[in-house]
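What follows is a short report on a single structure.
In listed order, ligands and their atoms are each counted from 1. Throughout, numbering of the chain's residues begins at 1 and tracks the sequence.
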Amino acid sequence: MEFRLIDRIRERTAQGREDVRLGIGDDAALVAPPVGQEIAIAIDTLVEGVHFPQGTAAADIGWKSLAVNLSDLAAMGASPAWALLALTLPPHAAECHAQFIDEFAKGFAQLAQPHRLALIGGDTTRGALTVSVAVHGFVPPGKALTRAGARVGDLVLVTGTLGDAAAGLQLLQQGVRIDEGDGRAAYLIERLNRPTPRLAVGLALRERASACIDVSDGLLADLGHLCAASGLGAEIDAALLPRSSMLLGAFDEASARDFALTGGDDYELCFTVPSARVAEVQTDLARMGCGATRIGRMVEGDQVRVRDEHGQWLEVTRRGWDHFAP
Ligand code: ADP
Ligand code: MG
């Protein structure tokens, strides 16, 4: 049975690539790495009930399991080539598996195909529903973006909008259905289930961004990682945080700010650019159809601090974000 399932995956994700000498079906895949390129490698695991809610559609799981990995390649400025897929499926009847696999592979392929990414192998086991994807991408030697390298005075930018995915998750947890309301819920839940990895932006940022990270755990957490790797701190203006009209229409200002600062799963890129180059970078990214918003700057220290619209510093309290007591 396993073999028939693997065949279904192979058929649905077929992608002709010259550099894949032997794909799914043997004991290992064989690839011909391009001469003179470095290979960026990343792996991420999604566990049902932890990284996606129970009841998430198989096609959405397929898309997202690849998207979160492509987002890591985007953050490195790498272009994707190959992937491995380790699937752990609960012990259900064979026909349930076939249906799950068909839908899963469809969602996976929808994202893989436009990027010419080839699924070249994997593993299939029994247990709690868990999906691990490993990706490999190419980057010219020495040109990868990393979390280290930001300088004092560099400006902090972020692509797209923040907080949508966390808002979508909260709606799902409140029992809101995707077809409810005026399309806001559908948009926010789609942002949770079908994140867009910013691959083209990652390539455009090579040799321009001083540091880069993707926002998977929330802006403050991930910018914190960039700061730690760069040995610096950052100051963010809450008033500058890019939020979608859907988010602002569905939640009050304080919740929307909270989602944007601490909500995970957006898979936007957060990066730093020397101030003299910001205008040029913003123009180029806008032309690519993915705006980038300046939200703050890098400073000495090791803290990420957030200023509200009155210039006062915010701090985390048990109730969420609040003002410092005077
Ligand atoms: P082995 O026991 O030698 O590891 P498997 O039966 O696990 O072989 O896998 C057979 C072939 O199918 C291998 O080429 C493997 O990479 C591929 N494969 C197994 N599971 C998956 C999967 N979930 N997705 C893609 N390829 C898979
Ligand atoms: Mg195996």
Between I9 and ligand 1, which residue portion shows a heavy-atom distance shorter than 4.0 Å: side chain, backbone, both, or neither?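 It is the side chain that touches ligand 1; the backbone stays farther off.
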
Once you restrict to heavy atoms under 4.0 Å, what part of T124 touches ligand 1? Side chain, backbone, both or neither. both

Ligand-residue contact atoms, ligand 1 with D26, heavy atoms, under 4.0 Å: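 Under 4.0 Å from D26, ligand 1 has these atoms: 11 (C), 13 (C), 14 (O).
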
Distance filter under 4.0 Å to D27 heavy atoms, resulting ligand 1 atoms: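 So the atoms of ligand 1 that pass are 3 (O).
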
Could you go through the side chain to side chain contact (heavy atoms under 4.5 Å, CB included) check for D164 and L188 one step at a time? CA-CA 5 Å; D164 295 328; L188 296 172; 3.5 Å; yes

Using every non-hydrogen atom in the two residues, find where S216 and Y267 come nearest and quote the distance to one decimal. CB-CE2, 3.4 Å

Closest contact, heavy atoms only, A185 versus L171: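 The answer is CA-CD1, 3.8 Å.
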
As a check for students: among L119, L85, T125, V131, identify the option with a heavy atom nearest to atom 22 (C) of ligand 1.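 Nearest heavy atom to atom 22 (C) of ligand 1 lies in L85.
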
Ion pair present between R10 and D7, side-chain N to carboxylate O less than 4.0 angstrom? yes

Any N/O pair G23/ligand 1 closer than 3.5 Å: no

When you compare ligand 1 with G122, is there at least one nitrogen or oxygen pair between them that comes in under 3.5 angstrom? yes

Testing L84, V31, L73 one by one against H136 for a side-chain contact (heavy atoms from CB on, under 4.5 Å), which residue passes? L84

